[in-house]
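The structure appears below as structure tokens.
FYI, side chains are in, hydrogens and waters are out, and symmetry mates aren't considered; it's all heavy atoms of this structure. Labels below follow one simple rule: chain letters A, B, ... track the order of the sequence lines, proteins then strands, and each chain is numbered from 1.
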Amino acid sequence: MTELSSPFLTTLEERGFIHQCSDLEAVDALASKGELIAYVGYDCTASSLHVGSLISIMMLHWLQTTGAGRPIVLLGGGTTRVGDPSGRDETRKILTLDQIEANKAGIQKVFDRFLKFGEGAKEGTTVDNAEWLAPLNYIDFLRDVGRHFSVNRMMTMDSAKLRLDREQELSFIEFNYMLLQAYDYVELARRQGCNLQMGGSDQWGNIVTGMDLGRRMGTHQLFALTCPLLTTASGAKMGKTASGAVWLNEDQLSAYEYWQYWRNTEDADVVRFLKLFTTLPMKRINELATLKGAEINEAKKVLATEATRLIHGEEKASQAENAAQKTFEAGVHADDLPSVSISTAELAKGLGVLNAFVQAGLVKSNGDARRQIKGGALKVNDTAVTDDSQILSDSDITEDGVIKLSFGKKRHVLMRPQ
RNA sequence: GGAGGAGUGCCCGAGUGGCUAAAGGGGGCGGACUGUAAAUCCGCUGGCUAUGCCUACGUUGGUUCGAAUCCAACCUCCUCCA
């Protein structure tokens, strides 16, 4: 491997961020001079990003904090209207413009946690590619950009090949995604002097295509840098919890649950994740890496708290840690657990357990609740529910003034009478 | 445009008149074991005012005591031909 000298690339390298790079030496040189202007694109397919996007966000973060250059966050308000076929068997469903706008607003929020935005030379900017993609004229685009693309080559690229090989539909609109992303890179090069595009390894093809287009259209030299895609040591795709994806926005996944997600990391992944998802110094991580067996749990707690602190802040992170400590280790009720409120009047009348668990959002229906009771999964105030006709009333309120509902060993909700 | 084939639960996939809320697998969830881990084993994996009722096998109608299964039309996808 090339000898790296810039703080930026040495950091990425030792923390396991680098998957492929078009020219490590050149990027290293630019980083050393603080002249990198790097972007990562995020499509607006949901109202929040999830942990899968976190690696690339961290790359932008390191870019800025190591002084290597200026980060650009590209929100794909334009490309989302088209849909990226990379790594997908099926066509993404077409979103309405309103949905895309709403998603964009949701996604944007998370970046303030990781990047400093502003006018300064090293401060970040956010752009929306709809700005230049939406007004494009089809004929002009074909003449200026389309002529540089070989269909023969496009069909051999992974994003298209996967579909073709499996004889899955690849619509023309998706086939064009590659052109648009390539064009984005050229636009950013021209508008902002952008010289590096980063992303997940599945974006390699799209990024390189953009570099190539830049060369043909006469921009300065462009570079590509990708990070590995996230999988757990046992091979599962990352980013799933009982309740769905691991969202970064708090309105979609509470800080408590986010903390729990990281706390439940597999042993074999802890060190790797500490490097990728926290900003702890390597020295500290290497210390944690020496832990063995059950001690690894300490490292997991550090991981959980650090990762949570990065996106939800110090206070939320320690609250989550605290709640977990009380719940799992001290075995006492924690006020910081997720909670739902219930009217005192309703409780006075008597509330069926099934209904209670549904209201708490721990099970999805009464039938589900019944099945879980049979399986011994539901607990009220830490006592297993055995009778599905059990009624909760005032007498179930603990000294802490709540009723604790548990689903399995890990998911708890406090019901607060109000 | 012509000929043939296919559409089943979160996904894959069996089922070709009643015994089918639908085999099997995957995924997911829960339990046991542990360390809030992994691996393993076991259970669950439409809804409800629940010994019954409702919704479900692309859509809409029809045949029948009874349909995912038969018929018709429509929609979507695939293959071959032009």
Side-chain angles (χ1 to χ4, degrees), chain A residues 87-91 93-94 163-172 174 231-246 256-274 288-289 291-305 307-308 320-332 334 336-338 349-355 357-380 382-391 404-413:
Chain A
R88 298 208 142 226
D89 265 0
E90 284 167 28
T91 305
K93 63 173 196 283
I94 301 283
R163 294 279 188 87
L164 295 171
D165 287 351
R166 297 197 188 191
E167 302 191 342
Q168 300 268 7
E169 162 96 356
L170 174 67
S171 72
F172 187 65
E174 294 175 278
T231 51
T232 65
S234 46
K237 268 178 246 155
M238 253 190 92
K240 289 283 185 178
T241 63
S243 42
V246 182
Y256 174 78
E257 287 172 285
Y258 190 77
W259 193 93
Q260 283 297 320
Y261 173 74
W262 293 108
R263 174 62 183 82
N264 285 300
T265 297
E266 292 177 31
D267 286 8
D269 288 323
V270 179
V271 174
R272 189 160 60 104
F273 288 177
L274 279 167
L288 292 169
L291 297 173
K292 294 278 183 298
E295 291 172 349
I296 295 176
N297 284 330
E298 292 311 310
K300 291 184 190 180
K301 287 180 211 163
V302 174
L303 169 64
T305 302
T308 306
E321 182 174 15
N322 234 319
Q325 204 279 124
K326 286 187 193 159
T327 309
F328 290 99
E329 293 173 33
V332 297
D336 294 332
L337 286 174
K349 274 188 301 187
L351 177 67
V353 261
L354 303 180
N355 196 351
F357 277 91
V358 172
Q359 281 194 34
L362 288 170
V363 295
K364 56 180 194 279
S365 67
N366 287 3
D368 189 17
R370 280 199 179 83
R371 282 191 293 272
Q372 300 306 152
I373 287 172
K374 261 188 222 139
L378 302 189
K379 292 192 187 114
V380 173
D382 299 315
T383 306
V385 179
T386 50
D387 175 10
D388 58 23
S389 61
Q390 184 182 338
I391 303 294
K404 181 182 175 193
L405 304 179
S406 310
F407 174 53
K409 279 178 296 202
K410 298 183 187 174
R411 306 185 60 202
H412 310 279
V413 169

| message | OP1 or OP2 of A37(B) versus the side-chain N and O atoms of Lys410(A): is any pair under 4.0 Å? | response | yes
| With rounding to whole Å, what would you report as the distance between U63(B) and A72(B) at their C1' atoms? | 11 Å
| query | So which nucleotide does A50(B) pair with, by the Watson-Crick or G-U wobble rule with both distances under 3.5 Å? | reply | none
| Lys300(A) pairs by side chain to side chain contact (heavy atoms under 4.5 Å, CB included) with which of Leu291(A), Leu288(A), Asp267(A), Asn264(A)? | Asp267(A)
| said: Distance check needed: A38(B) P versus Glu266(A) CD, whole Å only. | reply: 6 Å
| message | If I pick the P atom on G2(B) and the same atom on A56(B), what distance separates them, to the nearest angstrom? | response | 34 Å
| said: Whole angstroms only, please: what is the OH-P distance between Tyr261(A) and G28(B)? | reply: 12 Å
| task | For nucleotides G66(B) and A14(B), find the distance between their C1' atoms and express it as a whole number of Å. | result | 23 Å
| query | According to the Watson-Crick and G-U wobble definitions, with both distances under 3.5 Å, which nucleotide is paired to C44(B)? | reply | G28(B)
Identify all pairs in which a protein N or O lies below 3.5 Å from an N or O of nucleotides 43-50 of chain B, and state each distance.
| unit_1 | atom_1 | unit_2 | atom_2 | d |
| --- | --- | --- | --- | --- |
| G47(B) | OP1 | Ser365(A) | OG | 2.8 |
| G47(B) | OP2 | Arg371(A) | NH1 | 3.1 |
| G47(B) | OP2 | Arg371(A) | NH2 | 3.0 |
| C48(B) | OP1 | Asn366(A) | N | 3.1 |
| C48(B) | OP2 | Gly367(A) | N | 2.9 |
| U49(B) | OP2 | Asn366(A) | ND2 | 3.2 |
| A50(B) | N6 | Arg370(A) | NH1 | 2.2 |

| note | Between the CD atom in Glu257(A) and the CZ atom in Arg411(A), the distance rounded to the nearest 0.5 Å is 6.5 Å
| d(CD, Glu257(A); C1', U36(B)) in whole Å | 14 Å
| message | Taking C81(B) as the reference, what is the distance to C74(B) when you measure between their C1' atoms (whole Å, please)? | response | 25 Å
| field | Watson-Crick or G-U wobble mate for G17(B), both contacts under 3.5 Å | value | none
| said: Say we look at G46(B) and C29(B): how far apart would their C1' atoms be, to the nearest angstrom? | reply: 16 Å
| message | When you measure only distances, ignoring hydrogens and angles, does the side chain of Gln260(A) come within 3.5 Å of the base of U36(B) through a donor and an acceptor? | response | yes
| note | Checking N1-N3 plus N6-O4 or O6-N4 for Watson-Crick, or N1-O2 and O6-N3 for wobble, each under 3.5 Å, the partner of A37(B) is none
| task | In whole angstrom, give me the gap between the C1' atoms of G24(B) and A37(B). | result | 31 Å
| message | Using whole Å, what does the distance between atom P of nucleotide U36(B) and atom NZ of Lys379(A) come to? | response | 13 Å
| message | Quick check: closest heavy atoms across Phe357(A) and Ser406(A), and the distance to 0.1 Å? | response | CE2-O, 3.4 Å
| note | Taken to the nearest 0.5 Å, the spacing of Glu321(A) CD from Thr305(A) OG1 works out to 3.5 Å
| field | Base-pairing assignment for A67(B) (Watson-Crick or G-U wobble, both under 3.5 Å) | value | none
| remark: By side chain to side chain contact (heavy atoms under 4.5 Å, CB included), Asp368(A) pairs with (sequence neighbours left out) Val363(A), Lys364(A), Ser365(A), Arg371(A), Gln372(A)
| field | Nucleotide paired to U79(B) in any strand shown, Watson-Crick or G-U, under 3.5 Å | value | A3(B)
| Nearest-Å distance, CZ (Arg263(A)) to P (U34(B))? | 17 Å
| request: Hey, could you give me the CG/CG distance between Leu405(A) and Leu362(A), rounded to the nearest 0.5 Å? | output: 6.5 Å
| task | Would you classify Lys300(A) as touching base, sugar-phosphate or nothing, given that sugar-phosphate means primed atoms plus P, OP1 and OP2, and contacts are heavy atoms under 4.0 Å? | result | base
| Taking the C1' atom of each, how far is C65(B) from C10(B), in whole Å? | 36 Å
| Does any nucleotide pair with U60(B) by Watson-Crick or G-U wobble geometry, both distances under 3.5 Å, and what is it? | A72(B)
| query | For A22(B), what is the paired nucleotide under Watson-Crick or G-U wobble rules, both distances under 3.5 Å? | reply | none
| query | Which value, in whole Å, describes the distance between the P atoms of nucleotides A6(B) and C71(B)? | reply | 12 Å
| query | Taking atom C1' of G35(B) as reference, at what distance in whole Å does atom CH2 of Trp262(A) sit? | reply | 20 Å
| said: What is the separation between atom CG on Asn264(A) and atom C1' on U36(B), rounded to the nearest whole Å? | reply: 5 Å
| field | Nearest-0.5 Å distance, CG of residue Leu303(A) to CD1 of residue Ile296(A) | value | 12.0 Å
| request: Figure out the CZ/P separation between Arg411(A) and U36(B), and round it to whole Å. | output: 18 Å
| task | Give a yes or no on whether a donor-acceptor pair under 3.5 Å exists between the nucleobase atoms of U34(B), that is its base, and the side chain of Lys409(A). | result | yes
| Salt bridge between Asp269(A) and Arg272(A), side-chain N to carboxylate O under 4.0 Å? | yes
| request: Check every strand shown and say whether Glu295(A) touches a base, only sugar-phosphate, or nothing at a heavy-atom separation below 4.0 Å. | output: nothing
| Charged N-O contact under 4.0 Å between Lys301(A) and Glu298(A) | yes
